[in-house]
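Below is one structure; the comments refer to it alone.
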Amino acid sequence: MMDEYTLKTKRWLDNRFRETDKNGIYFAHQPIYGFRKGHCEFAMVSRYMRTYHIMRAISRLNVKSLLDVGAAEGYKAAVARELFGIQVTCTDLSEEACNRAREIYNIEAAPADVHELPYGDNAFDVSLCSETLEHVTDFRKAMQELLRVSKKAVIVTVPHEPEAKVEANIASAAPHGHIHAFEPNSFDYLKEAGLTIYNWRIESSKLSAPAVLIDAMPVQYQERWKFPKWVASAYNLTVPILRLFLGKRTAAWLIRKDESLCKTSPSYTGLVLLILKDPTAFKGESVPEIDPLRIINFAVPYHTLRK
């Protein structure tokens, strides 16, 4: 039985994953249509960066099946299938998100609450839960479910942000807001159960501004932004020049730079955690390089919603 917060979130997400532009093109959560093709949410390069780190985590495992929990329209699961040839399944609190995963990527998808997943014990080699646990009512219960349905490992990404920001979200009752703050040790309680945990810092704060410049996508100013409106106007004027000099290869370079920079920089905005149930599934930290351009070039045609 879903609690009221989860039901409210589900209604908000169902509306979100039905969004289209004036031409009927689905407005995606992830950059599914490709580099600078638009019709998706802001921070495209940062989303590529996060996806790259997730794929690096998967590459460290011997797995043949993956469940993506909180999968949105199925983008990350589809990238994993493309890169590793593994069997993928999606689930999301939103039924509309699952509809998009089936329509756009032909991925098996079913709506579910992460607190009570409709799958058997050890049903998948690995579960992925990216940018989801910060939204849920009880992240420890959700984590328990992820571990239950996973035979070998669980991969999690969460934001790393000030606790005051999370407290402000809670106070404002922002829809689908972040209601948990995470640190690298937030999941150390799992070690008491004998699980092995690896974590990596991702998305260096030093690369936030360069990532926006490489995005080179016009923006519409929003009142909640911390900078004045003229900054957005000036940025929009520079977009043609940025597009001329900064392209896919620059984006790929930045993604690789983030991996090395986060190893030495104390300033970062995200975490990847690899939680092992079966240590023999872990290949080690030294694995073959994944070319970020394969992720940047992964795209589908513009999608219109089915009636």
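The residues of the chain are indexed from 1 along the displayed sequence. This one's a predicted model, so the numbers in the text were calculated from it and none came from an experiment.
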Determine whether Thr91 and Leu117 satisfy the following criterion, side-chain contact (heavy atoms from CB on, under 4.5 Å), listing intermediate values before the conclusion.
CA-CA 9 Å; Thr91 185; Leu117 294 172; 4.3 Å; yes

Side-chain heavy atoms of Pro184 within contact of Leu271, under 4.5 Å:
yes

If we count only N and O atoms by modelled type, under 3.5 Å, do the side chains of Asn122 and Lys277 hold a donor and an acceptor together?
yes

Given the rule that I, L, V, M, F, W and Y join up when any side-chain heavy atoms are under 4.5 Å apart, are Tyr52 and Trp253 in one cluster?
yes

Please lay out, stage by stage, how Met217 and Val212 fare under the test side-chain contact (heavy atoms from CB on, under 4.5 Å).
CA-CA 8 Å; Met217 294 295 293; Val212 172; over 6 Å; no

Do Thr137 and Asp3 meet the criterion of a side-chain donor-acceptor pair at a distance under 3.5 Å?
yes

Using distance alone, with no hydrogens and no angle criterion, decide if Glu183 and His160 have a side-chain donor and acceptor under 3.5 Å apart.
yes

Is the centre of the Tyr33 ring less than 6.0 Å from the centre of the Phe298 ring?
no

Single-linkage hydrophobic cluster Val79~Val156, side-chain heavy atoms < 4.5 angstrom
no

Trp200 six-ring centre to Arg60 NZ/CZ under 6.0 Å and within 45° of normal
yes

Do Lys76 and Leu128 make a side-chain contact, defined as non-hydrogen atoms from C-beta onward lying under 4.5 Å apart?
yes

CZ of Arg249: more than 12 outside heavy atoms within 6.0 angstrom?
no

Please report the interatomic distance OH(Tyr198) to CZ(Phe282), rounded to the nearest 0.5 Å.
4.0 Å

Identify whether the distance between the nearest side-chain nitrogen and carboxylate oxygen of Asp291 and Arg256 falls below 4.0 Å.
yes

Glu41, CD atom: more than 12 neighbouring heavy atoms under 6.0 Å
yes

Member of Pro159, Ser204, Cys262, Ser205 meeting the side-chain contact (heavy atoms from CB on, under 4.5 Å) criterion with Thr269
Ser205

Is the side chain of Asp92 donor-acceptor paired with the backbone N or O of Ala72 at a distance under 3.5 Å, no angle test?
yes

To the nearest 0.5 Å, what is the distance between SG on Cys98 and CD on Glu108?
10.5 Å

ILVMFWY cluster, Leu66 and Ile295 together (side-chain gap under 4.5 Å)
yes

Atom OH in Tyr48, atom NZ in Lys248: separation rounded to 0.5 Å?
7.5 Å

Centroid-to-centroid, His180 to Phe139, below 6.0 Å?
yes

For Glu95, does the CD atom have more than 12 heavy-atom neighbours from other residues, nucleotides or ligands under 6.0 Å away?
no

NZ/NE/NH1/NH2 to OD/OE distance under 4.0 Å, Glu4 and Arg11
yes

Donor-acceptor under 3.5 Å (Ser260 side chain, Lys257 main chain)
yes

Tyr26 and side-chain hydrogen bond (donor to acceptor under 3.5 Å, both in side chains): which single residue from Glu73, His303, Glu19 fits?
Glu73

Could you tell me the separation between the CG atom of Leu242 and the CD1 atom of Ile214, rounded to the nearest 0.5 Å?
9.5 Å

A side-chain contact here means heavy atoms from C-beta on lying under 4.5 Å apart; do Ile155 and Leu61 qualify?
yes

If the test is side-chain contact (heavy atoms from CB on, under 4.5 Å), which one of Leu276, Ile197, Leu273 qualifies with Leu190?
Ile197

Tell me yes or no: between the side chains of Glu145 and Tyr119, is some donor less than 3.5 Å from an acceptor?
no

Please check if the side chain of Lys10 supplies one atom and the backbone of Leu93 the other of a donor-acceptor pair under 3.5 Å.
yes

Close side-chain approach of Asp68 and Val88, heavy atoms under 4.5 Å:
no

For the pair Arg148 and Asp121, find out whether any cationic side-chain nitrogen is under 4.0 Å from an anionic carboxylate oxygen.
yes

Run the salt-bridge test on Asp14 and Arg18 with the 4.0 Å N-O cut-off and return the result as yes or no.
no

When you check the gap from the basic side-chain N to the acidic O, do Glu96 and Arg16 get nearer than 4.0 Å?
no

Aromatic contact, Tyr302 with His39 (centres under 6.0 Å)
yes

Whether Asn169 side chain and His178 backbone form a donor-acceptor pair below 3.5 Å
yes

Arg56 with Glu259: basic N within carboxylate O range, under 4.0 Å
yes

